[in-house]
Student: 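Below you will find the structure I want to go over with you.
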Amino acid sequence: MNNKILLFWNIGKRVYEEQNTCDNPIQKYSEYCSYYFGNSVLFTRENIHLMKRFYMNFPIYYKEMNKVSWDQYRLLLMIKNKKERLFKH
């Protein structure tokens, strides 16, 4: 199981849930995760924003999501058309 995908999905979920109750949750999670996990490059504000978009576009987590890498999800999130992003016609 790819725990990184689950971690990124959960961070995105928390940022999404706190967007109306917290001042700048993206900055908050960027700083917290960089400190906690010790990887400031992985938890930049831009990546935290992508994690939020990841959760928003894939709001139900299921184990098959681990078959796709984070880089592949980042590419999928660049596709504007939701149907194309989800491979639907």
Student: What residues, two or more places apart in sequence or in another chain, satisfy ring-ring contact (aromatic ring centres under 6.0 Å, His included) together with Y29?
Tutor: none
Student: With R85, which residues qualify under side chain to side chain donor-acceptor pair (under 3.5 Å), at least two apart?
Tutor: N57
Student: By the side-chain hydrogen bond (donor to acceptor under 3.5 Å, both in side chains) test, which pairs, at least two apart or in different chains, include something from residues 44-55?
Tutor: Q19-K52, Q27-R45, T44-E46
Student: Would you say the rings of W9 and F58 are close, in the sense that their centroids are separated by under 6.0 Å?
Tutor: no
Student: If you look at every heavy atom in I11 and M51, which pair is closest and at what distance?
Tutor: CG2-SD, 3.8 Å
Student: Which heavy atom of L77 sits nearest a heavy atom of L50, and at what distance?
Tutor: CD1-O, 3.6 Å
Student: L75, Y73: one ILVMFWY side-chain cluster at the under-4.5 Å cut-off?
Tutor: no
Student: Between L7 and Y62, is there shared hydrophobic-cluster membership here, with clusters defined by ILVMFWY side-chain heavy atoms closer than 4.5 Å?
Tutor: yes
Student: Would the number of heavy atoms belonging to other residues, nucleotides or ligands and lying under 6.0 Å from CG of D23 be above 12?
Tutor: no
Student: Can you name the nearest heavy-atom pair linking N66 to L6, along with the distance?
Tutor: OD1-N, 4.5 Å
Student: Roughly how far apart are Y16 OH and F54 CZ, rounded to 0.5 Å?
Tutor: 15.5 Å
Student: How long is the gap from CD on E17 to SG on C22, to the nearest 0.5 Å?
Tutor: 12.5 Å
Student: Applying side chain to side chain donor-acceptor pair (under 3.5 Å), can you list everything that pairs with N10, at least two apart in sequence or on another chain?
Tutor: none
Student: Quick one: list whatever passes salt bridge (Lys or Arg N to Asp or Glu O under 4.0 Å) with E31, sequence neighbours left out.
Tutor: none
Student: Hey, what do you get for OH (Y61) to NZ (K13), rounding to the nearest 0.5 Å?
Tutor: 12.5 Å
Student: Could you list the donor-acceptor pairs under 3.5 angstrom formed between side-chain atoms of residues 32-42 and any protein atom two or more places apart in sequence or on another chain?
Tutor:
residue	atom	partner	partner atom	Å
S34	OG	S30	O	2.8
N39	OD1	V41	N	3.3
N39	OD1	L42	N	3.1

